[in-house]
> 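Submitted below is the structure of interest, expressed as structure tokens.
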There are 2 protein chains.
Amino acid sequence: MRVMVALRLKGVEYELLQETMGKKSELLLASNPVHKKIPVLLHRGKPISESLVIVQYVDEVWPPPASILPRDDPYAAAIHRFWGQYIDDMFPPRIRILRGTVPGDKDEASDEMTTALLYLEEAFVECSKGKQYFGDDSIGYLDIALGSHLGWIRAVERIAGVELLGGAKVPNLAAWADRFCGHPAVVDVMPDVDILVEFTAKLI
Amino acid sequence: MRVMVALRLKGVEYELLQETMGKKSELLLASNPVHKKIPVLLHRGKPISESLVIVQYVDEVWPPPASILPRDDPYAAAIHRFWGQYIDDMFPPRIRILRGTVPGDKDEASDEMTTALLYLEEAFVECSKGKQYFGDDSIGYLDIALGSHLGWIRAVERIAGVELLGGAKVPNLAAWADRFCGHPAVVDVMPDVDILVEFTAKLI
């Protein structure tokens, strides 16, 4: 999803090759032999792996006006990168616990995700400067980094019966999430929460 | 060490504020309230945290000729970022196991580190294009990312009695490691392996 949103923001056409659960294509194994996982962007015959690495590659290869990392503002870019890394350290392992696909303390996972969202609520206020997105007027790196987890955050609220974005604790972030999901570059690639809930029910 | 090497490559003077083991300064807690850990770069009164985020900030703020990420080559930059992330996922947890500061299977940790170093041996051949460093003729992002672990890699070879860089499996990487440690931007900030070994012996 991160890669597709980045390409859509830049107005770049792409072909989506889907992988099937449980068996990996030869092309995937050849393109990302280290991690053997999606996403991989194939561009000019060369593979690029790791979603946030790809997002930066897309930002550097395709010129503005659409800019993903703040341009000519190294401090703002550092803030986006800092939170991008934080999000990927914090959310995926705790989402897996709340989905029930790995063992772990669900209350603890939910509390830690809430703490993370409270930090990000603060970061949103600072980065957006009263505008719509972390990237100010337009979707940026941090919007993509956090936004790609929204489907699963909302799904685990239902699966585990917890309040994360849904409570009243992070009002700015909750409003941002609705805006992000409705953005033209996002709306067609955001997974449906019902499907994520159903998919998890079949797995466990 | 990553931050100091980056600043030295750029020829930027800095003041080093050391933290004392076991108690965190007020300045550190105020500057990095999320992770409460070093390194933090304070520049123009603003804090930047997370070592590889800081390295990219330094690269963007201080102009070439010294360039840390490959310039005007988004694919090469993506390769550097990919391996930088891989290194930080792979090495620190396994180094802690081999030091004996956290429990875990030492043989497995050593085997996994060897696998990682074999990948990096290949990456070195591709990135360096027959030159001295991952960054071609000069030290780049990936040199800094991997180089900052060399002290501990060599220390755990002695602490755990394992062969990592010391064996004959990664000859290009072993030669690179010696070159890196002797580089003028590195030589004064590379920790002494004896001291790391001694420090670990006192901890456990």
Side-chain angles (χ1 to χ4, degrees), chain A residues 3 6 10 31-37 39-63 68-90 92 112 115-116 118-120 122-123 126 141-142, chain B residues 3 6 10 31-37 39-63 68-90 92 112 115-116 118-120 122-123 126 141-142:
Chain A
V3 179
K10 294 283 187 174
S31 302
N32 188 2
V34 175
H35 299 301
K36 302 176 179 64
K37 68 176 185 183
V40 179
L41 176 69
L42 298 168
H43 181 228
R44 295 178 182 149
K46 288 179 182 169
I48 302 112
S49 300
E50 296 292 291
S51 61
L52 290 180
V53 174
I54 301 173
V55 168
Q56 289 177 87
Y57 175 83
V58 168
D59 194 31
E60 290 173 10
V61 168
W62 284 280
I68 295 174
L69 270 169
R71 287 191 97 77
D72 305 320
D73 187 346
Y75 185 75
I79 296 299
H80 277 243
R81 289 194 179 107
F82 172 87
W83 289 113
Q85 187 174 318
Y86 176 79
I87 285 163
D88 279 3
D89 288 343
M90 286 298 292
E112 288 168 348
T115 301
L118 286 167
Y119 277 131
L120 288 162
E122 261 184 72
E126 279 170 42
Y141 183 85
L142 183 44
Chain B
V3 179
K10 294 283 186 175
S31 302
N32 187 3
V34 175
H35 299 301
K36 302 175 179 66
K37 68 177 186 183
V40 178
L41 176 69
L42 298 169
H43 181 228
R44 296 176 182 150
K46 289 177 180 170
I48 303 112
S49 299
E50 295 293 289
S51 60
L52 291 180
V53 174
I54 301 173
V55 168
Q56 288 177 88
Y57 174 83
V58 168
D59 195 29
E60 290 172 10
V61 168
W62 284 280
I68 294 174
L69 271 169
R71 288 192 96 77
D72 305 319
D73 186 345
Y75 185 76
I79 296 299
H80 277 242
R81 288 195 179 107
F82 172 88
W83 288 114
Q85 188 173 318
Y86 176 79
I87 285 164
D88 279 3
D89 289 342
M90 287 298 292
E112 288 168 348
T115 302
L118 287 167
Y119 277 132
L120 289 162
E122 262 184 71
E126 279 169 41
Y141 183 84
L142 184 42

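In what follows, chains carry the letters A, B, and so on, assigned in the order in which the sequence lines appear, proteins first and then strands, with residues in each chain numbered from 1. Values in this document were obtained by computation on a predicted structure and should not be read as measured data.
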> Given a strict heavy-atom distance threshold of 4.5 Å, which part of B:W62 is in contact with chain A: side chain, backbone, both, or neither?
neither
> Within the 4.5 Å heavy-atom criterion, are A:Y75 and B:I48 side-chain neighbours or not?
yes
> Is there a salt bridge (Lys or Arg N to Asp or Glu O under 4.0 Å) between A:E60 and B:R81 once you walk through the steps?
CA-CA 13 Å; A:E60 290 173 10; B:R81 288 195 179 107; 3.2 Å; yes
> Answer with side chain, backbone, both or neither: which region of B:Y119 has an atom nearer than 4.5 Å to a non-hydrogen atom of chain A?
side chain
> Who pairs with A:S51 by side-chain hydrogen bond (donor to acceptor under 3.5 Å, both in side chains), at least two apart in sequence or on another chain?
A:R2
> Could I get the full list of ring-ring contact (aromatic ring centres under 6.0 Å, His included) partners for A:Y141, not counting sequence neighbours?
none
> Give, as side chain, backbone, both or neither, the part of B:N32 having an atom under 4.5 angstrom from any heavy atom of chain A.
side chain
> Which distance, rounded to the nearest 0.5 Å, do you find between the CG of B:L69 and the CD of A:Q56?
8.5 Å
> Specify which of B:V58, B:V61, B:T115, B:V34 makes the most heavy-atom pairs with chain A at under 4.5 Å.
B:V34
> Using 0.5 Å steps for rounding, measure from the NZ atom of B:K46 to the CD1 atom of A:I79.
8.0 Å
> Decide yes or no for B:H35 and A:Y86: does some side-chain heavy atom of the first lie under 4.5 Å from some side-chain heavy atom of the second?
yes
> Which residue out of A:H43, A:R44, A:E50 racks up the most heavy-atom pairs below 4.5 Å with chain B?
A:E50
> Chain A heavy atoms under 4.5 Å from B:A77: which part of the residue, side chain, backbone, both or neither?
side chain
